[in-house]
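Each chain gets a letter, A, B and so on, in the order the sequences are listed, and its residues count up from 1.
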Amino acid sequence: MIQIKALTKRFGKFTAIDDINLQIAGGDRIALIGLNGAGKTTLIRIILGQYLFDGKLRVFGKNPRNHRVEVLDRIGFVPQIPPPIQMSVGELVSFAAAISFRSSKDAIIAKALELGFEIESNLKKPFLKLSGGMKQKLLIALALAREPEILIMDEPAANLDPQARQAFFLMLLRSMEKTTMLLSSHRVDEVVNLINRIIEIDHGRIVQDEQISESRLADHQLNCQVMFTEQNDQAVQILQDWNFKRRENGLSFEGSFIGTERLRFMTTISHFANQIKSLNIN
Amino acid sequence: MKALIQITLSDFKESVRAKWFLIYGLVFGGAVILLFVLGITESKVLGFTGLSRLLITYIQLCVAILPILVLISTVRSVVGDREANILEYFLSMPVSLGAYFWGKVISKFFLVFIPIFLALVGAVIWGVFKSLSIPWGIAGYYALLLASLSWCFLGLGMYISTLVKKQEWGLGLSVLIWLVLLLFIDAVLIGLMMQHQIIEGVIVGIALLNPIMVFRTGAVLLFDPELTAIGPASYVILDRLGYNGFLVFSIGYPIFLGWLFSFLGFFRFKKGDLA
């Protein structure tokens with residue numbers, strides 16, 4: 001799907017991408033990791049046809065710079081920071097549906113609803129006035145409504161609350177069979193259950209490219225029970241954010257999350273490890 | 001075509017909501033209202049009074065303020081979207097670069113021209129209401145002149161917008177260009193002519209290349225066919241091109257410049273890094 005040969009991108013004297021070779025096949029779900037300034041965003045922008053470059057790049061066998069419309073209609077993109085678009089929600093939805101051959105208002109509304117964002121009751125609201133999470137949900141819905149063959153996302157879940165993250169990951173899991181994904185992230189644990197390949201970029205070069213085994217529990221709903229040795233208000237707040245219910249004794253909590261969120265849940269709750277009496281995930 | 005229409009409409013709607021558009025509209029609408037309130041229709045210059053007098057004053061005001069207002073309102077189009085990462089997002093969608101750029105150009109043209117045109121139409125309607133005689137010829141020609149000058153500076157603004165990396169640089173460059181063009185109307189050209197240091201042909205050439213000078217001369221020409229009210233450069237130009245020739249030139253030349261700068265901007269936009 002994506003072939004990159006000897007790709008180099010320079011900004012003046014600074015080399016942002018340095019002689020990269022990469023093949024991305026259909027079904028690859030890649031975590032593109034690296035520090036800030038490593039070259040992740042530059043590589044994404046080159047694939048989206050936004051930067052000139054030296055070397056060779058083919059997306060669906062075509063140069064995205066010269067065949068923008070046909071290539072980009074098959075790619076969904078979600079930026080890390082929602083841009084300050086002045087349009088209302090309704091205008092943005094109409095715009096995105098109108099310019100694509102593969103999208104529609106109904107599809108966008110349905111995708112947004114799955115993520116917990118009701119477009120129809122926010123039609124008149126300016127996009128700028130939405131909360132960070134709402135903006136991100138809408139941008140994800142706009143990208144997924146096109147049923148893209150390649151999905152490129154820059155820190156996609158950064159602004160989402162736990163419920164929306166779970167819905168988002170479930171949507172991604174459902175589209176895994178037919179979608180190639182490129183997820184840019186600072187932290188691999190955020191996306192580890194979604195991916196089957198990790199590419200690490202450092203100083204514009206690929207320093208790691210390896211296949212990883214897929215999680216078989218990624219799309220399973222996991223039940224979880226946590227018992228604390230003592231009351232901890234901060235832990236209670238976090239568990240409530242994860243939709244956990246308190247049991248009668250006051251120190252036990254019960255809830256569930258999907259497999260993709262397992263590592264993130266455990267990382268979050270590990271801050272209270274000294275007060276955890278028992279933890280069951282099944 | 002669908003994408004072009006969508007970009008044009010969305011940019012138009014976005015800009016209409018922006019504060020700059022409100023201020024822009026108030027400046028031109030307010031200017032006409034102010035001229036009426038000040039009783040300019042009662043005064044007389046070179047035999048002109050009533051609505052003709054008002055239109056002449058209005059067009060003189062436009063000579064000075066229209067170019068800079070058009071530049072300020074368009075120069076941020078591409079560079080502003082780039083800085084705010086709006087360009088990165090919209091150009092990740094299946095939109096051709098032509099649709100994006102020309103959609104913005106079309107939208108901005110209507111945005112800058114509509115308030116000036118409405119002010120002109122408002123003045124005519126007010127004139128009808130006040131039973132003043134309507135100088136249809138002057139009103140029609142001025143509408144064309146204003147459209148051509150708007151198009152010229154819109155093209156220049158879009159070109160600057162693709163040229164600079166920061167909005168501040170674009171605004172700074174716009175003000176600089178505007179000041180240089182304003183300096184090189186008759187005021188400076190008279191001085192150069194009087195010093196006899198530069199040959200007449202060069203001075204006339206400078207005057208003819210300056211769209212503000214061309215606009216000013218064209219605007220004055222209608223009520224002062226001998227151009228006695230303005231400087232010698234204009235007089236020489238008139239002598240060379242003739243009355244009708246200059247009327248056509250004063251509309252055609254800014255339109256040509258507008259297209260030239262728009263295309264230069266588009267090619268720069270198309271051939272460079274987008275985000």
Side-chain angles (χ1 to χ4, degrees), chain A residues 9-12 16 41-42 44-53 64-88 90-103 126-128 135 139 142-143 146 148 150-154, chain B residues 1-22 73 76-104 107-108 111 162 164-167 266-275:
Chain A
K9 174 64 190 172
R10 292 186 188 89
F11 296 104
T41 302
T42 304
I44 286 174
R45 286 179 175 178
I46 289 172
I47 293 171
L48 291 171
Q50 297 182 348
Y51 282 154
L52 301 173
F53 54 86
R65 186 82 190 185
N66 302 333
H67 299 87
R68 286 182 52 79
V69 177
E70 41 193 312
V71 169
L72 293 178
D73 205 21
R74 297 162 74 182
I75 297 179
F77 171 66
V78 182
Q80 179 186 1
I81 300 165
I85 299 166
Q86 305 280 344
M87 291 183 203
S88 69
E91 286 166 357
L92 183 58
V93 169
S94 300
F95 175 82
I99 55 157
S100 170
F101 294 105
R102 300 154 67 104
S103 188
F127 177 80
L128 259 179
K135 285 179 193 164
L139 295 182
L142 294 175
R146 285 211 296 273
I150 299 175
L151 191 54
I152 299 175
M153 293 184 280
D154 204 349
Chain B
M1 188 50 108
K2 204 173 175 185
L4 177 78
I5 294 167
Q6 287 298 324
I7 293 283
T8 306
L9 288 176
S10 63
D11 189 69
F12 188 85
K13 285 180 196 165
E14 271 197 37
S15 303
V16 163
R17 282 193 287 257
K19 284 190 183 112
W20 74 258
F21 183 73
L22 182 72
S73 52
R76 287 170 296 180
S77 299
V78 175
V79 67
D81 280 3
R82 184 178 286 134
E83 277 186 355
N85 283 334
I86 291 175
L87 208 57
E88 179 203 34
Y89 184 63
F90 278 114
L91 294 182
S92 74
M93 293 188 182
V95 175
S96 73
L97 298 183
Y100 187 84
F101 186 86
W102 293 109
K104 290 250 168 201
S107 150
K108 290 282 187 285
L111 281 162
T162 60
V164 294
K165 300 274 182 215
K166 301 241 176 240
Q167 290 188 63
F266 177 57
F267 286 119
R268 186 166 171 86
F269 178 62
K270 202 176 164 185
K271 299 290 176 196
D273 287 337
L274 302 173

A/Ser88 OG to B/Arg17 CZ distance, which is reported to the nearest 0.5 Å: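 Spacing of OG (A/Ser88) from CZ (B/Arg17) equals 6.0 Å.
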
Euclidean distance, B/Glu14 CD relative to A/Glu91 CD, rounded to 0.5 Å: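 The CD atom of A/Glu91 sits 8.0 Å away from the CD atom of B/Glu14.
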
Do B/Asp273 and A/Lys9 sit within salt-bridge range, that is, some charged N less than 4.0 Å from a carboxylate O?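 Yes, this pair counts.
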
Which residue, B/Ile7, B/Ile5, B/Val95, forms the side chain to side chain contact (heavy atoms under 4.5 Å, CB included) with A/Ile99?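 By the side chain to side chain contact (heavy atoms under 4.5 Å, CB included) criterion, A/Ile99 pairs with just one of B/Ile7, B/Ile5, B/Val95: B/Val95.
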
So which atom in [X] and which in [Y] form the shortest heavy-atom distance, rounded to 0.1 Å?
{"X": "B/Ser92", "Y": "A/Arg146", "result": "O-NH2, 4.0 Å"}
{"X": "A/Pro84", "Y": "B/Ala84", "result": "CD-O, 3.1 Å"}
{"X": "A/Arg65", "Y": "B/Gly272", "result": "NH2-O, 2.5 Å"}
{"X": "A/Gln50", "Y": "B/Ala275", "result": "OE1-CB, 3.4 Å"}
{"X": "B/Met93", "Y": "A/Arg68", "result": "O-NH2, 3.7 Å"}
{"X": "B/Ser96", "Y": "A/Val69", "result": "N-CG2, 3.7 Å"}

I would like to know whether A/Ile85 and B/Tyr89 meet side-chain contact (heavy atoms from CB on, under 4.5 Å); could you show each step before the answer? CA-CA 10 Å; A/Ile85 299 166; B/Tyr89 184 63; 3.9 Å; yes

What part of [X] is in contact with chain B, defined as an atom under 4.5 angstrom from a non-hydrogen atom: side chain, backbone, both or neither?
{"X": "A/Leu142", "result": "side chain"}
{"X": "A/Phe53", "result": "neither"}
{"X": "A/Thr41", "result": "side chain"}

Can you label the angle between the B/Phe90 ring and the A/Phe95 ring as parallel, tilted or perpendicular, going by 30° and 60°?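 The arrangement is perpendicular - the two ring planes meet at more than 60°.
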
Close side-chain approach of A/Pro79 and B/Glu88, heavy atoms under 4.5 Å: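 They are in contact (side-chain heavy atoms under 4.5 Å apart), so the answer is yes.
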
So which residue, A/Arg45, A/Arg102, A/Arg74, A/Glu70, ends up with the most heavy-atom pairs under 4.5 Å with chain B?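 It is A/Arg45.
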
Sort out for me which of A/Leu139, A/Ile46, A/Leu48 touches chain B most, counting heavy-atom pairs under 4.5 Å.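 Heavy-atom pairs under 4.5 Å are most numerous for A/Leu139.
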
